[in-house]
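Below is one structure, written out as structure tokens; the observations come after it.
Chain letters run A, B, ... following the sequence lines, proteins first, then strands; residues in each count from 1.
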Protein chains: 2
Amino acid sequence: MSKQLPLAAVDACCSPLAREPLTAGQAVDLARLFKAMSDPVRLRLLSLIASHDGGEACVCDLADAFDLSQPTISHHLKVLRESGLITGERRGTWVYYRVHPEVLARLSAVLVAGEPPVVTA
Amino acid sequence: MSKQLPLAAVDACCSPLAREPLTAGQAVDLARLFKAMSDPVRLRLLSLIASHDGGEACVCDLADAFDLSQPTISHHLKVLRESGLITGERRGTWVYYRVHPEVLARLSAVLVAGEPPVVTA
DNA sequence: TGTCAACATAGACGTATGTCAAAACAGTTG
DNA sequence: CAACTGTTTTGACATACGTCTATGTTGACA
């Protein structure tokens with residue numbers, strides 16, 4: 001397993017988009033995250049992982065959901081991993097991925113100028 | 001001014017990412033929006049527009065904030081416009097842009113599995 | 001009408017991205 | 001150890017993207 005990034009954008013950012021202009025640095029950090037989510041396959045991977053039983057899924061589960069080669073799925077998982085949106089852990093033969101919900105929450109908060117959402121689940 | 005798109009993702013999407021897997025179609029629509037926000041310049045434009053007095057800004061205001069050519073700014077505004085995140089209106093010599101807050105709110109809601117945020121401002 | 005200012009479009013160029021096949025790596029099990 | 005399964009890495013390729021300069025287009029105004 002390769003490096004897990006320091007989750008820059010989680011710590012760094014930010015007051016909501018519409019409240020005050022983003023700094024150049026904040027924009028770079030946020031753009032990195034949105035870029036990781038700018039591919040349909042990666043969004044579905046994210047969703048599959050997040051909604052999977054136990055909050056985690058192995059690559060074998062994920063790859064079956066697509067009509068793409070397994071290395072391609074692995075590539076997309078790497079992009080998500082390096083963006084800080086997910087983490088992967090090897091257990092035996094399989095690698096299990098889970099999302100970092102704080103990162104999603106932070107992104108969500110940047111998009112609206114309101115009170116933070118009340119998480120029910 | 002060119003076509004304003006039908007804001008597909010606003011109507012279409014969706015229950016939160018982590019609640020159930022996105023369909024391929026939902027993922028495509030969402031990815032289009034996230035891709036529009038995957039560039040630092042476009043994020044800053046979005047933020048500048050949204051946080052500007054009256055909720056709108058003309059291109060002249062926006063272009064000054066960057067060290068980029070005016071056509072490049074115009075290109076980024078077009079990307080944002082075609083994604084449905086902003087709209088542009090010509091008034092006299094100037095073109096004023098404003099954001100579609102519903103689209104941002106919808107995106108925000110997709111990212112978290114909680115109650116919708118209470119908008120204060 | 002002509003000219004100027006604001007903004008958009010067209011075309012070109014280098015770089016980044018998504019995909020695959022092939023090869024490498026890691027763990028399990030015989 | 002060898003063989004096998006699950007996963008990642010590498011290298012190649014076509015396409016998409018961000019940026020620029022040059023050119024159009026639109027509206028104001030003398």
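Rounded to an integer number of Å, the gap from CH2 of A/W94 to C1' of C/dC25 is 17 Å. Whole-Å rounding puts the A/Q70 CD to C/dC25 P distance at 16 Å. For B/H76 and D/dG18, the NE2 to C1' distance is 6 Å, given to the nearest whole Å. Atom pair B/I73:CD1 and C/dA6:C1' shows a separation of 14 Å (rounding to whole Å applied). Protein atom CG of B/L80 is 10 Å distant from nucleotide atom P of D/dG18, rounded to whole Å. Taking atom CZ on B/R32 and atom C1' on D/dC17, their separation rounds to 16 Å, with Å as the unit. One atom, CG of A/L77, and another, C1' of D/dT9, lie 14 Å apart when rounded to the nearest Å.
Remark on DNA chain D: of its neighbouring residues A/H75 and B/H75, the 5'-side contact belongs to A/H75, judged by nearest-heavy-atom nucleotide.
Members clustered with A/Y96: A/W94, by chain and number, using a 4.5 Å side-chain heavy-atom cutoff among hydrophobic residues. Applying the 4.5 Å side-chain rule to ILVMFWY residues, one finds that B/V28 remains a lone member of its cluster.
Here the side chains of B/L77 and B/I49 are in contact, with some heavy-atom distance below 4.5 Å.
Between B/Y97 and C/dA8, a side-chain N or O to OP1/OP2 separation shorter than 4.0 Å is present. The side chain of B/S69 places no N or O atom within less than 4.0 Å of a non-bridging phosphate oxygen (OP1 or OP2) of D/dT19. Under 4.0 angstrom from either OP1 or OP2 of C/dA8 there lies no side-chain N or O belonging to B/K78. Contact annotation: A/K35 reaches the phosphate of C/dT17 (side-chain N/O to OP1 or OP2, under 4.0 Å).
Near DNA chain D, meaning a heavy atom under 4.0 Å away, the residues from residues 38-68 of chain A are A/C58, A/V59, A/C60.
Of all nucleotides listed (D/dC20, D/dG6, D/dT8), D/dC20 comes nearest to the side chain of B/T72.
In terms of modelled atom types and a separation under 3.5 Å, the side chain of A/Q26 and the main chain of A/T23 share a donor-acceptor contact. Side-chain atoms of A/S38 come within 3.5 Å of backbone N or O of A/K35 as a donor-acceptor pair.
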Only distances under 3.5 Å count here; give the side-chain donor-acceptor pairs of residues 62-69 of chain B to other protein atoms, sequence neighbours excluded, each with its distance to 0.1 Å.
| from | atom 1 | to | atom 2 | distance (Å) |
| --- | --- | --- | --- | --- |
| B/S69 | OG | B/T72 | N | 3.3 |
| B/S69 | OG | B/T72 | OG1 | 2.9 |

### Query
For every nucleotide of nucleotides 23-30 of chain D, 5' to 3': is a protein heavy atom under 4.0 Å from its base (B), only from its sugar-phosphate (S), or from neither (-)?
---BSS--

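Taken to the nearest 0.5 Å, the CG atom of B/L48 stands 8.0 Å off from the CG atom of A/L22. Put simply, CG on B/L80 and CD1 on B/I86 are 4.5 Å apart, with the number rounded to the nearest 0.5 Å.
Applying the side chain to side chain donor-acceptor pair (under 3.5 Å) test to residues at least two apart or on different chains, the pairs with a partner in residues 42-61 of chain B are B/R42-B/H76, B/E56-B/R91, B/E56-B/R98.
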